[in-house]
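Working notes, beginning with the structure itself.
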There are 2 protein chains.
Amino acid sequence: MNLKQLSHMLQLSQTTVSRALNGYPEVSEETRRRVTDAAKRHGYRPNPSARRLATGKAGMIGYVLPTGASVDIDPHFVEFLSGLGDYARSHELDLVLSPADADDEETTYRRVAANKQVDAVYISAPRPADRRISLVNQLGLPFLVHGRAEGLDFDYPFLDIDNEGAFHEAARLLVQLGHKRIALINGDDGQTFAIFRERGVRRALASAGLALPPERIRSVAMTEENGYRSARSLLEQPEPPTAIACSSLIMALGVVRAVRDLGLTIPGDVSLVAHDDVFPWLRPEHFSVPLSTTRSSIRAAGARIAERLVARISGLEEGARGEIWPVDLVVRGSIAGAAG
Amino acid sequence: MNLKQLSHMLQLSQTTVSRALNGYPEVSEETRRRVTDAAKRHGYRPNPSARRLATGKAGMIGYVLPTGASVDIDPHFVEFLSGLGDYARSHELDLVLSPADADDEETTYRRVAANKQVDAVYISAPRPADRRISLVNQLGLPFLVHGRAEGLDFDYPFLDIDNEGAFHEAARLLVQLGHKRIALINGDDGQTFAIFRERGVRRALASAGLALPPERIRSVAMTEENGYRSARSLLEQPEPPTAIACSSLIMALGVVRAVRDLGLTIPGDVSLVAHDDVFPWLRPEHFSVPLSTTRSSIRAAGARIAERLVARISGLEEGARGEIWPVDLVVRGSIAGAAG
DNA sequence: GCAGTCAGCCAAAGCGCTTTGGGAGCTCTA
DNA sequence: TAGAGCTCCCAAAGCGCTTTGGCTGACTGC
């Protein structure tokens, strides 16, 4: 059933039927009702390809997915996707993943924009002066950044969590508990989230006259093994930290293993706090010693991003609105006062 | 730059230019060269929306993503996606994720098919008589199943790993090591992979005159906590198992925690083997006791599925070819001979 | 030398929508 | 009663491709 058939059946022109269905005012209410009724009865659904060709609107949102033999997709992605999908579903909006060479995402962004494949894209895991943001901005492709860049000479819409605030709070608590040597096992410091987290810890320590020297910082890809190695190398120093802040639950698994391997205990010898993006399959409260966390649901972020993307597409949201979510600090058994 | 402009510039008809670009024979080689040169020089790229409307081909592959507030996406998905994306990229093929109500995927499949949004779909995590497979088959939408159904009255193309063989091998080894009471912590037994795994274990035990009674089987969603709970309840039985086969690395984390909590050791009191889909961020060799595994890269499966999907779309692959990959058994420190 | 073949090109008709630019019929004002 | 101003509707022109159905001119075979 296409528009031609439907309009013929209703003895109306395609114009009128189209307008009736799309809510234009120049059609009487009675006609509109007749049309919508018939459309529903016959299960008419406009052909998206045709509509897209005519309007240029795709009815899809996009994401450029960096791939490559040595590129790993962040496991947080599924949770983000759960949220995004859950919202998108209610709007019959599909998500297009465009795989890109991780070393040359630009080509893919250009293709996506030129083809008008999608109405908007979101960008995740931004770096300080992320070129993708400048690029999509310049291409005129509507977008939303999940996270923040830094030092860009224009404003842009984003959704981020308060990484600095979260780690500031966590570190401040550790300081209050008497810890003097606090270490940070961070994610890749090319990414802004890691920079903000370090800044948060540093600021908290500074307020207490404490330092965060390079030898107490690790900046690594967030795997269990890197958590282990980092913790081990930190704890085997002559003056080991008495507390560790860690950027992910997965790395925290490795930290716990390292602490145990060294014959130490949490929180007796080392206090541990980690950031939790909320995985359904790995919960901080179920660690052998329940883990204190800074918590923010990445799933909720996905849903919110979908919501804002929809708003931008339909013109309800404009401009460069930045949104920063506060982060909960959840204290559990893994932190205690510093010994001595 | 569109076809009209390009053909005008070349003093040729749109027909000829189109044919030249698409490799049709009724255009001279010299003309073809002129055309392709000019196209490249001016960066001409056919508008996919227009092409799609004209041909009905979308140039995309699809996946219906079940979503919902209480629905969790399998964390293996990102790895699968890495493989799929890596291959798809080389063919400039995009992936469309269509979020669906987890309780009613059918509507979404119908929409996807009716809209001709994608040229083919893949279906993952199939159940024995999975209705999605019958549905897409009947809708005439090209597809490929990752995994297998069972008891369907028609053949269909799929890619699966030899789950039964893998767990048969693993269990057989445990039996050979003298284990009499072997338990299985499985995934959701509504899914065929879990059924096959149970079958594999059962068959291995049966050959040795051993049984796999219901009280030594757990069938749960694959989270760390469920691994913990299952292991605990198994090991607290009057006659606890001396060996456990486990369907995922994430659950194995919980098993290890439970064993430790009970004051037991691996492999002294309990041997443990788990299935490893190969995550970059959690490796069995880095468990506190290196974990024996049945290993099969889900990433490789993703790449292969993309490859076959492409082949099916272009007509190179036809029929209901099933492909079953063998699984490696990797023995590490977590298994030992049964005590006594 | 003439019908038949074939390579190489083209005009035009789709694909199924949206949107522009009217145009008929009616009411209302002066 | 003429003209303006509505309200509703329509025909037709896109959107940018692919594909059908020729058409032309050169070449073959007898």
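By convention in this document, chain letters (A, B, ...) are assigned in the order of the sequence lines, proteins followed by strands, and residues within each chain are numbered from 1. Side chains included, hydrogens not; waters and symmetry mates left out as well; all remaining heavy atoms used.
Look at A/R308 and A/E323 and you find a salt bridge, because one of the NZ, NE, NH1 or NH2 atoms lies within 4.0 Å of a carboxylate O, short of that distance. B/R304 has a carboxylate O that lies under 4.0 Å from a charged side-chain N of B/E307, or vice versa, which qualifies the two as a salt bridge. The existence of a salt bridge linking A/D72 and B/R299 is confirmed by a sub-4.0 Å separation between a basic side-chain nitrogen and an acidic carboxylate oxygen. Comment: B/E106 does not engage B/R111 in a salt bridge, judged by the lack of any side-chain N to carboxylate O separation of less than 4.0 angstrom. With respect to B/R45 and B/E92, a salt bridge is recorded, a charged nitrogen being found less than 4.0 Å from a carboxylate O.
With sequence neighbours left out, B/Q14 forms a side chain to side chain contact (heavy atoms under 4.5 Å, CB included) with B/L3, B/K4, B/S7. In this structure, B/F143 has no ring pair (Phe, Tyr, Trp, His ring centres under 6.0 Å) partners at least two apart in sequence or on a different chain. For A/T55, the side chain to side chain contact (heavy atoms under 4.5 Å, CB included) partners at least two apart in sequence or on another chain are A/R51, A/K57. Remark: A/A102 pairs with A/P66, A/V71 by the side chain to side chain contact (heavy atoms under 4.5 Å, CB included) rule, at least two apart or across chains. For B/P142, the side chain to side chain contact (heavy atoms under 4.5 Å, CB included) test picks out B/A120, with sequence neighbours left out.
Pairs engaging residues 144-159 of chain B under the side chain to side chain donor-acceptor pair (under 3.5 Å) rule: B/R148-B/D160, B/E150-B/R199 [sequence neighbours left out]. Sorted by first and then second residue, the pairs that involve residues 59-68 of chain B and meet side chain to side chain donor-acceptor pair (under 3.5 Å), not counting sequence neighbours, are A/R89-B/T67, B/Y63-B/S124.
Relative to the axis of its first five pairs, the axis of the last five pairs of the helix from C/dG1-D/dC30 to C/dA30-D/dT1 sits at 50°, rounded to 10 degrees.
Environment of CD in B/Q138: crowded, with over 12 heavy atoms of neighbouring residues, nucleotides or ligands closer than 6.0 Å. By the neighbour-count criterion of 12 heavy atoms within 6.0 Å, atom CD of A/E30 is sparsely surrounded, having that number or fewer from other residues, nucleotides or ligands.
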Taking only nitrogen or oxygen atoms into account, show me every contact under 3.5 Å that the protein makes with nucleotides 14-16 of chain D, one pair per line with its distance.
residue: D/dG16; atom: N2; partner: B/A50; partner atom: O; Å: 3.4

Quick test: give all pairs of protein nitrogen or oxygen and nucleotides 23-25 of chain C nitrogen or oxygen below 3.5 Å, distance rounded to 0.1 Å.
none

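If you measure from atom CZ of A/R45 to atom P of C/dC17, you get 12 Å, rounded to the nearest angstrom. Put simply, CD on B/E26 is 17 Å from P on D/dC23, counting in whole angstrom units. In this entry the distance linking CG of B/L6 with C1' of D/dT18 reads 15 Å, nearest Å. B/L10 has its CG atom 16 Å from the C1' atom of C/dG8, to the nearest Å.
If you check every strand for non-hydrogen atoms under 4.0 Å, B/Q5 touches nothing.
Under the 3.5 Å distance criterion, the side-chain polar atoms of B/N22 are left unmatched by any main-chain donor or acceptor of B/Y24.
Between D/dT18 and B/Y24, no contact under 4.0 Å exists linking OP1 or OP2 to a side-chain N or O.
Contacts with DNA chain D (heavy atom under 4.0 Å) in residues 29-40 of chain B: none are found. Listed by residue number, A/L12, A/S13, A/T15, A/T16 are the residues of residues 12-20 of chain A with a heavy-atom contact under 4.0 Å to DNA chain D.
With A/R19 as reference, A/T15 is the one residue of A/L21, A/T15, A/V17 to meet the side-chain contact (heavy atoms from CB on, under 4.5 Å) rule.
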